[in-house]
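Have a look at the structure below before the remarks.
Quick note: residue numbers are just sequence positions, from 1.
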Amino acid sequence: MCSCSAANGRLKNLMNQTDNRICADCGAPDPKWASANIGVFICLKCCGVHRSLGARISKILSVQLDDWSDEDIDAMIEVGGNSSANAIYEAYIPEGYSKPGPDSTHDERSRFIRSKYELQEFLKSSLRITSRKSSASIQSSFSTKILDSFRIKSSKEPETVVEYIGLLKVKVVKGINLAIRDMLTSDPYVVLTLGKQVIPVLQVDEFVITIGLDGDLDFIPLSIKALVTVQTAVIKSNLNPVWNEELMLSVPQNFGPVKLQVYDYDTFSADDIMGEAEIDIQPLITSAMVYGDPEMFSNMQIGKWLKSQDNALIEDSIVNIIDGKVKQQVSLKLQNVECGEIYLQLEWLPLDQ
């Protein structure tokens with residue numbers, strides 16, 4: 001892998017996306033290989049079929065063993081991962097045609113993967129390519145042209161306006177009794193994600209493909225989404241980490257819950273999940289808007305997020321005005337894991353601040 005720690009971190013962040021934690025072609029867990037020019041993470045069994053296609057179609061690299069160039073990492077990131085690539089290469093799978101599974105035979109994998117990438121049989125009719133160029137020539141340039149279009153075309157698209165209503169400051173205070181994911185301990189960090197927001201570039205969902213007189217392919221993105229995600233630093237070998245780290249999230253008008261995930265940092269493989277929870281920010285924002293300028297009020301309680309069986313709260317979460325600021329203490333029991341608690345402090349910052 002690339003020796004640059006920053007580049008290594010960029011690739012690891014992409015690997016940690018939920019869709020990239022299973023093979024793009026058969027769904028096997030924890031893939032350790034990738035096709036750098038197609039932009040997908042794949043398992044060892046599917047990797048063998050990809051290699052048989054040749055590097056002109058699928059350039060295979062080991063996530064753990066190979067040296068990654070900056071260009072290869074940029075290519076993976078620009079595609080956006082397995083979901084983005086499959087939205088193109090699996091846009092139309094005929095009725096009755098099934099993807100292979102983790103236990104499928106080599107022949108079943110080979111038929112599907114060749115149909116998917118080499119013959120491009122599952123593209124939408126509007127994406128299928130006809131040209132005076134030879135079929136082999138088009139196939140060999142297809143993935144490269146997609147990446148080139150991300151770099152060039154998307155930057156020329158007019159920006160879509162997103163209406164924001166404020167900023168959410170999240171102070172990740174500490175974790176208690178987090179799960180063990182290494183031999184005796186873990187190296188935890190926290191990732192926060194706030195919904196999907198329509199902004200320029202990052203992840204392209206649909207294309208119109210045109211072919212010029214010179215035979216070159218042009219990819220025009222139709223809709224573009226991005227996840228607003230921030231994360232804390234990694235704390236080494238600690239099941240009771242103290243971060244006291246402040247993170248900022250932009251909040252759009254149509255906001256949803258904040259998704260919190262805790263991961264164990266691994267140097268040579270995908271990071272292990274250590275639990276997750278959702279944070280309902282509606283009580284905080286609604287209370288803040290009802291009271292308006294908090295500096296006009298003394299310290300007081302103005303709202304509450306109630307503990308229930310449907311959320312991860314350890315206790316009721318109170319919204320207060322404290323020293324002219326709207327704040328909320330949140331304590332969460334991590335879900336889908338054997339143990340662990342996370343303690344946060346939220347603060348609402350309207351746009352006029």
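- Leu239 and Val262 are members of different hydrophobic clusters when ILVMFWY side chains are connected at heavy-atom separations under 4.5 Å.
- Here the closest non-hydrogen pair linking Leu344 and Leu332 is CD1-CD1, 4.0 Å.
- Between Ser287 and Pro283 the shortest heavy-atom distance is OG-O, 2.7 Å.
- Scanning all heavy atoms of the two residues, the minimum distance from Gly39 to Met76 falls at CA-SD, 3.5 Å.
- Glu118 CD to Leu53 CG: the interatomic distance, rounded to the nearest 0.5 Å, is 5.5 Å.
- Rounded to the nearest 0.5 angstrom, Leu14 CG and Ile77 CD1 are separated by 6.0 Å.
- Both Val319 and Met296 belong to a single network of hydrophobic side chains, linked directly or stepwise wherever heavy atoms of I, L, V, M, F, W or Y lie under 4.5 Å apart.
- Using a 4.5 Å heavy-atom cutoff, the side chains of Ile279 and Pro257 are not in contact.
- Taking OG from Ser84 and CG from Asp19, the interatomic distance works out to 7.0 Å, rounded to the nearest 0.5 Å.
- Residues Asn37 and Ser35 bring a donor and an acceptor atom of their side chains to less than 3.5 Å of each other.
- Ile22 is not connected to Met15 by any chain of hydrophobic side-chain contacts under 4.5 Å among Ile, Leu, Val, Met, Phe, Trp and Tyr, and they are in different clusters.
- With rounding to the nearest 0.5 angstrom, the CD atom of Glu347 is 7.5 Å from the CD atom of Glu246.
- Under the 4.5 Å side-chain heavy-atom criterion for Ile, Leu, Val, Met, Phe, Trp and Tyr, Leu346 and Tyr343 are members of distinct hydrophobic clusters.
- The closest side-chain heavy-atom distance from Gln17 to Phe41 is not below 4.5 Å.
- None of Val63, Leu44, Leu61 except one satisfies the side-chain contact (heavy atoms from CB on, under 4.5 Å) rule with Trp33; the exception is Leu44.
- No salt bridge links Arg109 with Asp25; every basic N to acidic carboxylate O contact stays at or beyond 4.0 Å.
- Annotation: side chain of Pro350 is not in contact with side chain of Asp293 (no heavy-atom distance under 4.5 Å).
- With rounding to the nearest 0.5 angstrom, the CG atom of Asp266 is 4.5 Å from the CG atom of Asp264.
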Less than 3.5 Å apart, which donor and acceptor atoms pair up between the side chains of residues 170-180 and the rest of the protein, not counting sequence neighbours?
none

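- Among Arg21, Lys12, Arg181, the single residue meeting the side-chain hydrogen bond (donor to acceptor under 3.5 Å, both in side chains) criterion with Asp271 is Lys12.
- Under the 30°/60° scheme for interplanar angles, the aromatic rings of Tyr97 and Phe122 are found to stand perpendicular.
- Remark: Asn244 pairs with no residue by the side-chain hydrogen bond (donor to acceptor under 3.5 Å, both in side chains) rule, at least two apart or across chains.
- Contact record, Lys304 with Leu306: CD-CD2, 3.0 Å, taken as the closest heavy-atom pair.
- Residues Met300 and Trp348 are members of one and the same hydrophobic cluster, defined by side-chain heavy-atom contacts under 4.5 angstrom among Ile, Leu, Val, Met, Phe, Trp and Tyr.
- Heavy-atom minimum distance, Ser98 versus Phe112: O-CD1, 4.5 Å.
- Contact record, Val326 with Pro294: CG2-CB, 3.9 Å, taken as the closest heavy-atom pair.
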Let's go through Ile165 and Phe255 carefully: what are the C-alpha distance in whole Å and the side-chain angles of both, what is the deciding distance for side chain to side chain contact (heavy atoms under 4.5 Å, CB included) to 0.1 Å, and is it a yes or a no?
CA-CA 9 Å; Ile165 59 175; Phe255 61 87; 3.9 Å; yes

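- Atom CG of Asn16 is separated from atom CD of Gln231 by 8.0 Å, given to the nearest 0.5 angstrom.
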Test log, rule side chain to side chain contact (heavy atoms under 4.5 Å, CB included), inputs Cys26 and Cys43:
CA-CA 8 Å; Cys26 76; Cys43 68; 3.6 Å; yes

Please evaluate residues Ile273 and Asn336 with respect to the criterion side chain to side chain contact (heavy atoms under 4.5 Å, CB included), reporting the C-alpha separation (whole Å), side-chain torsions for both, the decisive distance (0.1 Å), and the verdict.
CA-CA 9 Å; Ile273 188 75; Asn336 304 317; over 6 Å; no

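- Here the side chains of Leu192 and Leu168 are not in contact, with every heavy-atom distance at 4.5 Å or above.
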